[in-house]
Amino acid sequence: MLTLKYISENKDQLIERLKVRNVDYTATINQILDKDASRKGTQVKLDNCRSQAKAIAKEIGQLFKTGKAAEAGEAKQKAAAFKENEKALNEQLTDIEKELNELLFLVPNVPHKDVPKGKSDADNLELRAEGKMPKLHNKALPHWELAKKYDIIDFELGNKITGAGFPVYKGKGAQLQRALINFFLAEANKAGYTEIMPPLLVNEDSGFGTGQLPDKEGQMYQATEDNLYLIPTAEVPLTNIYRNVILSADDFPIKLTAYTPCFRREAGSYGKDVRGLNRLHQFDKIEIVQVQHPSKSADTLDIMVNHVENLIKKLKLPYRLLRLCGGDLSFTSTLTYDFEVFSAAQEKWLEVSSISNFKTFQANRLKLRFKEKGDKKTQLAHTLNGSALALPRILAALLENYQTPEGIKIPEVLQVYTGFDLID
RNA sequence: GGAGAGGUGUCCGAGUGGUUUAAGGAGCACGCUUGGAAAGCGUGUGUACUCCAAAAGGGUACCGGGGGUUUGAAUCCCUUCCUCUCCGCCA
């Protein structure tokens with residue numbers, strides 16, 4: 001969430017920038033500022049009240065000690081009035097803070113000036129499209145047919161064991177998954193990211209830390225008995241490593257990567273978008289996360305985009321790079337780039353990566369701060385993350401684009417990881 | 001899962017209702033000392049909110065989290081989380 005300081009110091013500019021998201025936040029922001037003013041007023045009253053009550057309490061102690069019980073009794077009555085006042089003020093303050101917090105949760109991150117105007121994904125700005133479009137033979141199949149033909153992914157078996165959206169990878173299908181994971185992790189390691197194997201279930205605090213809670217609660221699977229959530233992305237455990245942490249400026253950059261399965265309820269999805277591997281409840285992803293100095297985060301975002309682009313290039317998949325428009329930009333992001341690969345048989349662009357700079361928006365909730373050397377004051381750090389990469393749609397594109405009458409070829413760069421070069 | 005012991009600042013550690021305004025030690029920073037360093041001595045040393053135009057300087061909260069008792073809570077009570085020891089179960 002945004003800081004109160006930022007909101008009050010940049011009110012008009014903020015309202016203007018948020019219009020890129022096609023929503024007018026004037027009313028909410030005014031409410032926030034009003035609420036904050038009453039918060040301050042109440043807090044000052046409460047602090048004064050407490051301060052006086054403390055002084056009396058001390059006096060009473062002294063009176064008792066010197067045997068002046070009668071005077072102490074009088075003082076006690078005086079203290080009782082303060083106590084009641086304190087209780088009332090404290091309740092007020094708690095309510096105000098709660099309301100203020102709820103209002104703050106409503107305001108999304110400030111779009112970067114490069115974010116194009118637009119309402120939906122149709123308005124995203126295409127920055128470039130590269131890679132050769134494959135020419136498929138005339139009996140080419142979509143990946144869900146290929147999966148069946150070569151018996152490498154069994155969707156029906158997944159239905160039986162769990163339900164829709166939980167495919168079973170078999171034989172070379174499973175091996176290819178493992179090869180992709182290893183390839184992506186190896187590339188991340190080469191780029192200087194520290195590999196992490198985080199927990200796949202997280203607690204409520206972590207959910208709040210990265211912003212999945214409270215608004216996206218319905219998108220996460222929950223282990224209610226223990227009040228834990230299955231992670232929708234490795235971003236959650238990775239970023240929460242730094243929840244409530246004060247770094248020093250020379251700790252930057254912090255670069256983490258992790259392979260994890262991701263679990264998403266995808267409530268409300270339906271139709272051809274969810275066919276085959278296009279949208280799943282459980283899928284594998286390699287995530288990259290950076291914690292950076294505010295002055296470096298813009299460059300870091302470009303570097304991360306570059307990293308992901310190279311992965312796709314090495315797999316020789318046709319792709320395009322998009323800058324998300326205001327209407328498609330996620331709540332927590334200031335600037336997001338998406339990579340889409342072309343899945344040739346279904347003739348569809350599939351989103352395989354989303355790379356974002358959150359600036360201080362996550363850090364504020366996480367209380368992820370740092371100090372400049374020799375500085376006493378803390379500042380919020382910047383966080384960024386990106387998929388590098390999500391597997392199922394990459395797999396879908398690989399199967400479709402690399403199919404030949406003889407079988408499905410394996411991209412050269414993966415062969416060292418698969419140990420085979422053809423699925424037949 | 002059962003029984004027990006614990007959770008105090010950057011770290012160690014004292015502290016069972018009132019000079020705790022969290023002792024003491026270590027670490028760290030700065031200063032003195034020194035040719036330089038160590039030792040020694042001195043000073044300082046968290047986070048958040050807030051008052052003040054700012055600085056200086058105040059106020060409030062925080063002893064795992066939440067709640068309660070009390071004029072007053074690190075200390076007593078309730079609740080919850082976590083750690084350790086033993087037992088049980090287990091890859």
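Computed from a prediction, not measured in an experiment: that's the story for all the values here. Just so we're on the same page: letters track the sequence lines, and every chain starts at 1.
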Query - Heavy-atom protein contacts under 4.0 Å, nucleotides 49-65 of chain B, coded B base, S sugar-phosphate only, - none - result: BSS-------BSS----

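Rounded to a whole angstrom, the distance from the P atom of B/rC82 to that of B/rA22 is 31 Å. Atom P of B/rG46 sits at a distance of 31 Å from the matching atom of B/rG68, rounded to the whole Å. Between B/rG64 and B/rG13, the distance separating the two P atoms is 15 Å to the nearest Å. Annotation: B/rG35 and B/rA23 have their C1' atoms spaced 40 Å apart (nearest Å). Of the P atoms belonging to B/rA55 and B/rG67, the separation is 32 Å, rounded to the nearest Å. For B/rU20 and B/rU85, the C1' atoms lie 32 Å apart once the distance is rounded to whole Å. Using P as the reference atom, B/rA38 and B/rA29 are 10 Å apart when rounded to the nearest Å. Distance noted for atom C1' between B/rA61 and B/rA5: 31 Å (whole Å).
A salt bridge is absent between A/K117 and A/D123; no separation between the charged side-chain nitrogens and carboxylate oxygens falls under 4.0 Å. A salt bridge links A/E187 to A/K314: one of the charged nitrogens lies within less than 4.0 Å of a carboxylate oxygen. Ion pairing between A/E145 and A/K149 fails under the 4.0 Å rule for side-chain N and carboxylate O.
In a base pair of the Watson-Crick type (N1 to N3 plus N6-O4 or O6-N4) or a G-U wobble (N1-O2 and O6-N3), with each distance short of 3.5 Å, B/rG88 is matched with no nucleotide. In this entry B/rA5 has B/rU83 as its Watson-Crick or G-U wobble partner, both defining distances falling under 3.5 Å. Under the Watson-Crick and G-U wobble criteria, each requiring two contacts below 3.5 Å, nucleotide B/rU69 is left unpaired. If you check B/rC11 for Watson-Crick or wobble pairing at under 3.5 angstrom, you find it paired to B/rG25. With a 3.5 Å ceiling on both atom-pair distances, the Watson-Crick or G-U wobble partner of B/rA48 is B/rU60. The base-pairing partner of B/rU34, taking Watson-Crick or G-U wobble contacts with both distances under 3.5 Å, does not exist among the strands shown. Nucleotide B/rU16: unpaired (no Watson-Crick or G-U wobble partner with both distances less than 3.5 Å).
Of the candidates A/I408, A/N278, A/I152, A/L398, A/H143 forms a side-chain contact (heavy atoms from CB on, under 4.5 Å) with just one, namely A/N278.
At a cut-off of 3.5 Å, with distance as the only test, no side-chain donor of A/T194 or A/K255 sits close to an acceptor on the other residue.
No side-chain heavy atom of A/Q379 sits less than 4.5 Å from a side-chain heavy atom of A/R369. Counting heavy atoms from C-beta on, the side chains of A/Y25 and A/L14 never come closer than 4.5 Å. Contact annotation: the side chain of A/L185 never approaches that of A/Y193 to less than 4.5 Å [non-hydrogen atoms, C-beta and beyond]. Proximity of A/H382 to A/Q362: side-chain heavy atoms (C-beta onward) are nowhere separated by under 4.5 Å.
Note: CG (A/L228) to P (B/rC82) measures 9 Å, nearest angstrom. For A/E204 and B/rC81, the CD to P distance is 13 Å, given to the nearest whole Å. Taking atom CG of residue A/N244 and atom P of nucleotide B/rA48, one finds them 11 Å apart after rounding to whole Å. Atoms CG (A/L4) and C1' (B/rA48) sit 13 Å apart, rounded to a whole Å.
Residues A/F370 and A/F252 place their aromatic rings such that the two centres sit under 6.0 Å apart.
Within 4.0 Å of A/K371, counting heavy atoms only, lie sugar-phosphate atoms of the nucleic acid but no base atom.
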So which protein nitrogen or oxygen atoms get under 3.5 Å of nucleotides 67-75 of chain B's nitrogens or oxygens?
none

